[in-house]
Each structure stands twice: as structure tokens, then as C-alpha cells.
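Below: one structure, written as C-alpha cells.
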Amino acid sequence: MQLFEDIKKSTQDAVETVFGKPVDIENIAIQHTRKDFDGDVTIVVFPLLKISKKPPEETAEMLGNYLKESVDTVSDFNVVKGFLNLVISDSYWVNVLGKITENVSFGIETTNSGKTIMVEYSQPNTNKPLHLGHLRNNMLGYSLANILMANGHKVIKANIINDRGIHICKSMLAWLRWGKGETPESTGLKGDHLVGKYYVEFNTHYQAEIKDLVSNGATLEEAEKTAPLILEAQEMLKKWEAGDSGTVSTWKEMNSWVLKGFDASYKTLGVDFDEIYYESNTYLLGKEHVAKGLDKGYFYKKDDGSVWCDLKEAKLDPKLLLRSDGTSVYITQDIGTAVQRFEDYKLDRQIYVVGNEQNHHFQVLFAILKKMGYAWAASNYHLSYGMVELPSGKMKSREGTVVDADDIMDEMVSTAKKLSLELGKLDDMPEDEREELFKIIGLGALKYYLLKVEPKKQMLFDPEESIDFNGHTGPFIQYSYTRIQSLVKKAGANYNNDNGYGYDLDPLEKGIIKLINQYPSIIKEAGDSLSPALIANYVYELAKEFNHFYQSLPILKLDDEQIAAFRINLAETTGRVIKSAMNLLGIDVPDQM
RNA sequence: GCACCCGUAGUUCAACUGGAUAGAAUAUCUGACUUCGGAUCAGAGGGUUGGGGGUUCGAAUCCCUCCGGGUGUACCA
């Protein structure tokens, strides 16, 4: 933030002038003054005591005097222990607001950083519909992409669809055997749900077979490996890989259903992609890199023909890259796609948004890339997020406790509808606009709930509580926004911000300006630390501060037109920041609710 | 066993990356102009930051150790 930079520099000068010794600017500890103390900016003087050779209070006092005298923006100061609290003049804040008001793209970095970043997220499997965990993933990825763009980077949003493998064959097999030719059209089911139904069907029969085998004396492990269904699924996978036309055409058909279903979910959720990769196209990538690595001695071959990478330097176990029969494993593909992407797009960075259960996988992947000598290996980052748990514990598909993405989105929207109709403020709104509004509110609640928690932390999703629209929630922020819009609308065009405005700011007014002023640095911080949660918590704080102001001070009822104009402008600018921040989170804000 | 992550009011989450008296929400209790939108606002109670050591002017934050929870540790993806 500019103010901090300026004060830091002034303090640096002050130290040199007052104590006769230069100080490194890194040693000047600056922060926002806590609410329960007077002032706006606080210098922590402890790190300066070595230079001042005086007690903290005296050091602070001397610096405060100097700053008050020589810096225009510092209008006063006070000292509490080792903390020098500076009061910044009201005219400075009024000026700041004026500049922000004029800046159409306030907070958003408009000059290109020259960096290209790929953010990969979503990564669904085509054997079943999306669930709550995917929603967290999608929102994190989408929001992160927005935040990185707001930091001036070029961002490529990528998705990779895991559309091949044994799990798909399971659904296919079950559908062929028990599906009676069902289609999304014939059943009215969404394609991904229909296919998911057969994935469950497969498992039901598979479990029954296992139980049978076990009761006939097999161990569980044996049973799992030798049940007829699993053998048949494996057989099907081989046929798929061999390009068997019947298998491939079933696969194509069922995949198209699923993908259509995913598109609908993505559309409802409001996320999108610039580049969609399909594992069926990429799964063979990487073999030639392994061969090359073998030549160069990065990898080694065992007697049975399997290829391995030694990762002692990274303190990891050796990793298999090619099976003894020459086929590739999952990580082989990841090596291939990483190389391809960095080469195709000249990426400066790639971020994988993937759950923390794959921490080890990415550690290994990045270590291998490093060993292969790629300079960009260190530019890969695994944004690892925690699992979403339910009050009953983990989501388990076998126990039917998985929260389906489409279901929860529907539920949130219908709750928004119910609540809105109860409040009865929408009588003059046309039906189609209302439906749109319920979506904005319901999804706003859901998305905000998922994003306000620090990504790496595991989080709890309580279906009862998350439906709450009061308190620290998306709808609370949306509501604050609508009140601002209503206010601005009522004020009409007959107000303008008076630049020469000079009166004592109310602490509530100043509080809002200070928060708004922080917005660009919050965006930067969120970009640096890859955390949408920072934006989420910031915008909540801003809305809360505004509500407090709105409740306590008159605006349109004022006789003093100058002050009224100032406050309307303040409200409008707050509204703009709220909207901008919410959009970074992928959340819409309505004008009325 | 080993590796990584997490542990903060009853509950769900913050704490500007080492700064002041650890903040919100929720739940509970109390209050708010005859209302610029009450999906709001104000107030009260609620904490040995899992325990114990250390590092320093200063620790929820860094280090060690123990306890509790999660995730991983495949010729699966």
C-alpha cells in the first residue's frame, strides 16, 4: 500500500535524522493500528532500539515528534509502550477516496505482468457425478484464476477429464449388463447421474461376488482380485486400449452423456475452462521422455525391464515409471503433460488444484521433473486443499453419504427461494428475474461457505448450518450490496463528490475508507499466497463495517448536501469494491433481494 | 512404523506471516430512531490458543517433545 510505503520511507528518514544512524527499511515494522487504539498507522519501535539506544517510549516519542512536524499526512501521534500510533489527516483520507472513486478498475492490476500461469482444476472422473469435494476444488481453481488475472497475469484455466481406465469400464460393464438400453433421454436422468447409477450397480454386484468367494474360503484380498466382474472389467479395459470398436463406441456414447452432464453442472456453478484435456488423449504421453531420461542416466532399468527413478536427494522412495511389460503408470502421463504444457504455452508457472490426498504424488512428480533437468520444475505448485467432511464424518460412496453437487446446489437455491418469498420483498419482480435471483443467492451462500476457509485446512460442511443466510455468509454480503444500490438509486444523479470537502471525518467513515484503500494489497496478498479466503474474509469485513456506518449515520436524511454527497459517494464506492471482490470469488451480487 | 498437514470461545472460522488486551459468526441473554431496506445494528457472557519445555524486548505463529485428528506411504488412478 502506498501509504505504508510512504510512512516507512519517512520513518527511515526520521531515524537517520533523529538518531544519526541509517536504518534498513526492512527493519521498519509497520501495521494498521488496532481498533482499540487511537491512530491509523502503527510503527513498532522495538526493532529500532538498537539504533536509538533509548527506551521504547522515548524512541517512539522522538520519532513521533519528527514525523508530525515534517510529514504532512501525519496530523498527530500517540505512544503506547513500544508502539508509535500515527494519526493520518482526514484530508489525506478524503483524497484517497476521491482517487479511488475516479479509478474504474480500482484494485485490479491493469498492466500485464508478462507472466503466463496455468491453473488446472476440477479433474473429474467420468464414471460418476460431481460431489461436494469437486465444488470446493472448482471454486478454488476458478477464484484463484480470477485473482491471478487481477494481479496482472495471463491465466489459462485448464481441466483434465479422467475419461479412461478401470473405473469407466466398471460403469460400462454394468450398463451393458443391466442397463436395458437406458439413456438420459429415456430415463430423464442427467447423463452423469445415469452413468453413476451403473457405477454403483457394478459395485453392488461386485461386493456380492466378493462375499460369496469369501464364504467359500477365499481371503478378502483374493476375492477382490478374482471376482468374475473385476476380471471382466479388466478384460474390457484391454479391449478399449486395443481399440476394439464395440467397446470404444459404448465408451464414446456413455462419455458423451457424462460430459454433457458435467457441462450443465459447470454452467450452474459458473465456472469455465480455456483448455480441456482428455486423459484418453494424453495417457500415452511421457513414454518418450522416460526413454530419453533413461539414455541420459536420470532413470534406471531393473532386470525385469521396469524403469525407475531414484529420488534419494529428495528423500523419497524410488518411483516406478514404466511397468515391466512396458506400459506406463499414472505419473508417466503427468510427466508428459507437464512437459507439453510448458513447451506449448511457455508457461511461467503451473498450479495444480488437487486435494491433499495427492501431496505425495506431486512431491514425487516435481522431484522427477527436477531430476530430468527442467529449469521450470520448480515453477510447478500443488495447491493442496483439505477434505470436506460432514458432521457424520467422511463422505463415503459405499455408505451413500456423498453429497452430490447438483443436489446441494438445488437445495441451496430452493432455500433461497423459500426464504425470499417469506420475506416478501420481491412483489414487483418478474418471475424469471426472481428465479435468477434465487440462484444468485443460493449459490452465493454455497460458494462463499466453501471459499472462506483457508484452502489447506480441512473443513466441515454441515448441511443444516451452511444453509444459514445470516452472519458470516455470502447472502449477508449480497444484502449489504443491495442496500447500497437502493440508496444510490434513491439519491439519483444529483450528488457529486466534493473534492474540496474538508470536515472532520466520522470514525465510521474513516474506517470504511481505510478498508477500501486496502483492497489492492489484499488482492496482491491473495495472489501471492494463492488464497481466495483472504478476499472472502476481507469483503465480509468491509460489508460489516459498511452496515455499521449505514445503521449509525444518516445519509439521505441529511440537510447538509455536501456531507450527504460525500456519504453517497462513499457508499457507492464501497458497493463497487464489494462487487469486484465477490466477482473474484466467482459470486454474483444482485441489485435487489 | 515413517512422512506431510491440522489442533484457537459449546460449534464453525479469523488473526495483515513474530507485535499491543487473541477477533468474527452461530447458539444463549438484553437492547435499537415510529426505519436512507430488520437477510440489519448495538451490548453481555463465553479462551491457560491440545499439554509441557525452549528461542527473545514480544509466540496462536519459529524450534524440541508428548497427546489427539486427518492424509499418504501401489507395477491403482
Side-chain angles (χ1 to χ4, degrees), chain A residues 1 29-37 42 44-47 49 56 80-83 85 123 125 162 164-167 279 283 302 304-308 315-317 319-325 327-331 333-334 355-361 363 384 386-387 389 391 394 416 419-420 422-423 425 441 449 452-454 456-462 465-466 468-473 475-476 478-480 482-491 518 521-522 525 529 533-534 536-538 540-541 544 547-558 564 567-568 571 592-593:
Chain A
M1 201 188 326
I30 191 164
Q31 61 190 268
H32 298 284
T33 305
R34 290 177 57 123
K35 271 190 179 158
D36 28 357
F37 294 92
T42 295
V44 186
V45 302
F46 292 110
L49 299 183
V80 181
K81 293 193 275 181
F83 298 87
N85 302 319
Q123 308 109 338
N125 290 334
N162 299 303
R164 51 138 254 133
I166 191 75
H167 52 291
E279 201 197 336
Y283 82 106
K302 279 194 184 174
D304 64 2
S306 58
V307 178
W308 296 74
K315 291 183 184 164
L316 293 164
D317 289 335
K319 178 67 192 176
L320 176 95
L321 301 178
L322 287 180
R323 295 191 184 98
S324 44
D325 65 5
T327 57
S328 57
V329 290
Y330 191 71
I331 206 158
Q333 171 194 193
D334 270 354
N356 63 10
E357 68 232 323
Q358 297 205 39
N359 284 355
H360 182 253
H361 172 77
Q363 238 184 320
S384 158
M387 302 282 99
E389 286 199 1
K394 283 183 64 174
L419 209 72
S420 299
E422 271 170 22
L423 289 168
K425 298 181 186 177
I441 299 171
Y449 190 90
K452 74 173 176 182
V453 181
E454 196 62 33
K456 78 171 169 185
K457 286 198 180 177
Q458 170 184 120
M459 67 177 289
L460 184 95
F461 184 86
D462 186 333
E465 199 186 314
S466 48
D468 198 348
F469 289 2
N470 299 312
H472 189 175
T473 64
F476 169 89
Q478 290 171 324
Y479 177 70
S480 311
T482 60
R483 289 210 299 192
I484 292 172
Q485 298 322 300
S486 162
L487 180 79
V488 170
K489 197 170 154 197
K490 274 199 180 132
Q518 275 175 252
S521 59
I522 299 286
E525 208 186 325
S529 58
L534 293 178
N537 286 307
Y538 165 81
Y540 168 69
E541 203 186 334
K544 201 168 135 60
N547 283 341
H548 187 14
F549 156 80
Y550 178 90
Q551 197 86 15
S552 315
L553 299 175
I555 301 170
L556 297 178
K557 288 188 286 197
L558 277 171
R567 288 183 180 165
I568 292 162
Q592 187 191 342
M593 67 190 272

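Here is how names work: the chains are called A, B, and so on, in the same order as the sequence lines, proteins then strands, and each is numbered from 1.
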Sugar-phosphate, base or nothing in reach of A/E454, heavy atoms under 4.0 Å: sugar-phosphate
Residue A/H361, side-chain atoms from C-beta onward, closest of B/A77, B/G23, B/U73: B/A77
Aromatic ring pairing A/Y540/A/F476, orientation class (parallel under 30°, perpendicular over 60°, tilted between): tilted
N-O pairing of A/R34 and A/D36 below 4.0 Å: yes
Nearest to side-chain heavy atoms of A/F83, which nucleotide of B/U26, B/G19, B/A25: B/G19
Pair partner, B/U56 [Watson-Crick or wobble, under 3.5 Å]: none
Touch class at under 4.0 angstrom, heavy-atom based, for A/P56 against every strand present: nothing
Side-chain donor/acceptor contact of A/T42 with base of B/A20 under 3.5 Å: yes
pi-stack flag for A/F37 and B/A20, centroid dist under 5.5 Å, interplanar under 30°: yes
Presence of donor-acceptor pair under 3.5 Å, side chain of A/D304 and base of B/C75: yes
Touch class at under 4.0 angstrom, heavy-atom based, for A/I441 against every strand present: base
Base of B/A39 paired with side chain of A/S420 (donor-acceptor, under 3.5 Å): yes
P gap between B/C66 and B/G1, integer Å: 11 Å
Under-3.5 Å donor-acceptor pair between A/D334 side chain and B/A77 base: no
Distance test, side-chain N/O of A/Y550 to OP1/OP2 of B/G37, below 4.0 Å: yes
Aro-ring/base stack A/F46-B/G19, d under 5.5 Å, angle under 30°: yes
Any donor-acceptor N or O pair under 3.5 Å, side chains A/N162, A/H167: no
Distance below 4.0 Å between A/N470 side-chain N/O and B/U40 OP1 or OP2: yes
Rounded distance in Å between the P positions of B/A24 and B/G46: 15 Å
Sugar-phosphate, base or nothing in reach of A/K544, heavy atoms under 4.0 Å: sugar-phosphate
Counterpart base for B/A14, defined by Watson-Crick or G-U wobble contacts under 3.5 Å: none
Strand partner of B/A42, provided both Watson-Crick or wobble distances fall under 3.5 Å: B/U30
Nucleotide opposite B/G68 in a Watson-Crick or G-U pair, distances under 3.5 Å: B/C6
Selection from B/A32, B/A39, B/U73 that lies nearest to any side-chain heavy atom of A/D317: B/U73
Sugar-phosphate only, base, or nothing, as touched by A/S480 at under 4.0 Å among non-hydrogen atoms: nothing
Selected nucleotide, minimal atom distance to A/W308 side chain, candidates B/C36, B/G19, B/C75: B/C75
side-chain N/O A/K557 vs B/C36 OP1/OP2, d < 4.0 Å: yes
Short side-chain N/O contact from A/R323 to OP1 or OP2 of B/C76, under 4.0 Å: yes
Phosphate-side-chain proximity, A/R483 and B/G38, N/O vs OP1/OP2 below 4.0 Å: yes
Proximal nucleotide (of B/A14, B/U21, B/C75) relative to the A/K81 side chain: B/U21
Sugar-phosphate, base or nothing in reach of A/I555, heavy atoms under 4.0 Å: base
Nearest-neighbour nucleotide for the A/H548 side chain, B/C36, B/C16, B/A42 considered: B/A42
Polar pair under 3.5 Å, donor/acceptor by atom type, side chain A/S324, base B/C75: yes
Any A/N359 side-chain nitrogen or oxygen under 4.0 Å from OP1 or OP2 of B/C4: no
